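Some notes on the structure that comes next.
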Number of protein chains: 2
Amino acid sequence: MLDATSSYKPWIDASPVDEQDRTRIVPETIRRADRTPGNRYGNRPTMKDVAARAGVGLKTVSRVVNGEPGVTPETERRVQEAIDALGFRRNDSARVLRKGRTASIGLVLEDLADPFYGPLSRAVEEVARAHGALLINGSSAEDPDREQELALALCARRVDGLVVIPAGDDHRYLEPEIRAGVATVFVDRPAGKIDADVVLSDNYGGAREGAAHLIAHGHRRIGFIGDMPRIHTAAERLRGYRAAMEDAEIPVEDSWMSLGVTDPERVRRAAEEMLSGPRPVTAIFAGNNRVTVTVIRVLAEEARRVALVGFDDLELADLLQPGVTVVAQDAAALGRTAAERLFRQLDGTLITPERIELPTRLITRGSGELPPAD
Amino acid sequence: MLDATSSYKPWIDASPVDEQDRTRIVPETIRRADRTPGNRYGNRPTMKDVAARAGVGLKTVSRVVNGEPGVTPETERRVQEAIDALGFRRNDSARVLRKGRTASIGLVLEDLADPFYGPLSRAVEEVARAHGALLINGSSAEDPDREQELALALCARRVDGLVVIPAGDDHRYLEPEIRAGVATVFVDRPAGKIDADVVLSDNYGGAREGAAHLIAHGHRRIGFIGDMPRIHTAAERLRGYRAAMEDAEIPVEDSWMSLGVTDPERVRRAAEEMLSGPRPVTAIFAGNNRVTVTVIRVLAEEARRVALVGFDDLELADLLQPGVTVVAQDAAALGRTAAERLFRQLDGTLITPERIELPTRLITRGSGELPPAD
DNA sequence: TAGAGCCTGGACAACGTTGTCAGATGCAGG
DNA sequence: CCTGCATCTGACAACGTTGTCCAGGCTCTA
């Protein structure tokens, strides 16, 4: 249960640029019980306190804390003692303000709980870590507004860079930020209406290969179930499917295609529809991992053997009967590549935006090699 | 490839408290190409700039930006114009410093790429979002030092709260932070040597139920493959397994148990060993999802039908032949519960640390109901 | 012994924001 | 016309850190 007293997007809504004269919600500050009387940070000692206790100047403490040279061992010892005694820890908020670098990068993705994005996020984190940066991530839940909200909130926090898995198709709202120096890389889907670094999988090629694979095994009536075509990956995969069909000179019937369908219930209905009717499909191409999972369930209940190729790999896919043939993309490689480009931007090594496409890999495991059952 | 020129843990190593006189690595600042001449934030306008342009005072801009009352519509319009023209965005670093709240919480987990932690992390994020806070997460990779490093780095950034999935078993290093007001909740595993809020699954009860389930189906020689017992969850599950065996008055033989084993190669060997020998096990209890996956693979190659119960649910587990019986825990509920307690701490509603155990659920799908094959 | 040069330590300002407080303005009523 | 009050606005300090710069004490050399 979520706390009913909290407003939904407090901090973010305080941001002024997006909309003009809508009523603003005052940021809800997170209240905290005053545990000890003291300053706002719950009575935390500052360098000043340490300096006073050690009987040295403020800057000397700073030097010790940061391992800068020019402090006698004796002085250093005294300062260290004071630090330990007071339990001092440097306030990086202040440090950030002063230095102008936050040593943190933001990642806006679709859903952290999706098994595809976990490894991607982890890969970004590892690269960030290697550069001494922390990672802040947020899920857009496929909502363009929420994506923008998140990305701009991250910019307000002055993340040094931003990795975005777009939910929307217009990213002009990031232009001022990029101009102001926020390194930005888009992953998995291209940026909309701005020129920026993009790292993608070869969705078109992968889907084309996958569909061609089914065709090569004798299928002609091949169904396609995918997400909304406004999502780039979905559109590209659909295009790949169509291209393969066209290559084989198979006219695609509308009833074979189901777009914008991703929740289990509707995928199920879509699949069942394709499989009934007078001219049922003999194979299905599933446009993403979630669709694939549901289709597998549907096919498991079918009497007929229907072929299946899915986009995105699944754990255990090899252990099913039959094993699930998939077009696999390397989520970790996507994340790593994007993050590395991000830091190259920050280095100043990288100037012109590029579009990188990572290859996909067809993994045959059985389900895609079933012959048509009609 | 990681940038070879970057030191590994630059920012974190600068933290002074942990160790005494080891050489400190100077934080590597993330360099950035100077895109435009200007201030440190890559020429970002500040409120001062906006004020100058709008011909008003600094504080008036602040008022407009934060939607505070007491600004005439005309003045507000002028300020908004200046904001839009300059592309101003409030610098939350400064705001944080001034307000003493960061509106962000930290999550230290084991591995973001693990399908168990994805949903957990997402659940924490959702709660944080409902409270207007952002989530910073980091992976400890099961390394206690790295856990500490991360947690303290987050504290240095003055996160308002910390959700920790412990890798180590001594968290006294967090005492000064907690005393200083950092709300702290441990999830999935208990805190070591400090008194703190803890949210756990009932690992003991779940494992006991799982093992008892196998016993109830006639098994007596039941193998156990789990992680290092220094990991609390692993130890508890082992304890549950032992308890079930004891309840049934079955003496456990050493060769049935394999502890501290989690990488596929070694799990495979361990399983194969249990299944060979003169008195092979007829069932295996797998101590976590990664172990389960590997055991499934091994069993798929076996001629005999060996029963299996795994701890943690798996996607597609129902579609295997036979379906995999598991003791499921609700990762999202763990995360949600922990995060909610965290914010209750911040509210001041919550004072005394508690230990919460969430129940597990035995899901029978076939593999756990196979009779012994001897 | 004086002068130059080095080493250590500290005073001070600045980073960009918000809280406090007092000044300015406008209007109503005596 | 002046007073009192309400409304709007802005000057200023403070948050905790780091960069700059200078002072004082020391050593070394001529």
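Note that the structure is predicted; figures quoted are calculated from it, not measured. Chain A is the first sequence line, chain B the second, and so forth, proteins listed ahead of strands; every chain is numbered from 1.
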Separation of [X] atom [atom1] from [N] atom [atom2], in whole Å?
X	N	atom1	atom2	value
Leu58(B)	dG16(C)	CG	P	11 Å
Lys99(B)	dT17(C)	NZ	P	13 Å
Asp92(A)	dG16(D)	CG	C1'	11 Å
Arg95(A)	dT17(C)	CZ	C1'	20 Å
Lys48(B)	dC12(D)	NZ	P	13 Å
Leu86(A)	dG16(D)	CG	P	14 Å
Arg157(A)	dC15(C)	CZ	P	23 Å
Glu68(B)	dT7(D)	CD	C1'	15 Å

Measure from the side chain of [X], starting at C-beta and using heavy atoms only, and say which of [options] lies closest.
X	options	result
Ala94(B)	dT17(D), dT17(C), dG9(C)	dT17(C)
Leu97(B)	dG9(C), dG16(D), dT17(D)	dG16(D)
Thr46(B)	dG16(C), dG9(C), dT17(D)	dG16(C)
Thr60(A)	dG10(C), dT9(D), dG19(C)	dG10(C)
Arg63(A)	dT17(C), dG19(D), dG9(C)	dG9(C)
Met47(B)	dG16(C), dT17(C), dG19(C)	dT17(C)

May I ask you to verify whether the side chain of [X] and the base of [N] hold a donor-acceptor pair under 3.5 Å?
X	N	value
Arg90(B)	dG16(C)	no
Lys59(B)	dG19(C)	yes
Arg44(B)	dG16(C)	no
Arg158(A)	dG16(C)	no

*Which distance, rounded to the nearest 0.5 Å, do you find between the CD1 of Ile105(A) and the CG of Leu162(A)?*
9.0 Å

_Between CG on residue Leu135(B) and CD on residue Glu126(B), distance to nearest 0.5 Å_ = 10.5 Å

_Does any part of the side chain of Arg44(A), heavy atoms only, come nearer than 4.5 Å to the side chain of Asn91(A), both counted from C-beta?_
no

*Given side chains that start at C-beta, do those of Arg158(B) and Asp92(A) come closer than 4.5 Å, heavy atoms only?*
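Contact flag for Arg158(B)/Asp92(A) side chains = no.
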
*Ignoring hydrogens and angles, tell me if any N or O in the side chain of Glu110(B) forms a donor-acceptor pair with the backbone of Ala141(B) under 3.5 Å.*
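It does not hold such a pair.
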
*For the pair Arg146(A) (side chain) and Ser139(A) (backbone), establish whether a donor and an acceptor sit closer than 3.5 Å, ignoring hydrogens and angles.*
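Yes: the side chain of Arg146(A) pairs with the backbone of Ser139(A).
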
Output yes when at least one side-chain N/O atom of [X] is less than 4.0 Å from OP1 or OP2 of [N], else no.
X	N	value
Thr72(B)	dT7(D)	no
Ser62(A)	dT17(D)	no
Thr75(A)	dG9(C)	yes
Asn91(A)	dC15(D)	no

*Classify the nucleic acid contact of Gly70(B) as base, sugar-phosphate or nothing, counting any heavy atom under 4.0 Å across all strands shown.*
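The residue Gly70(B) makes base contact.
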
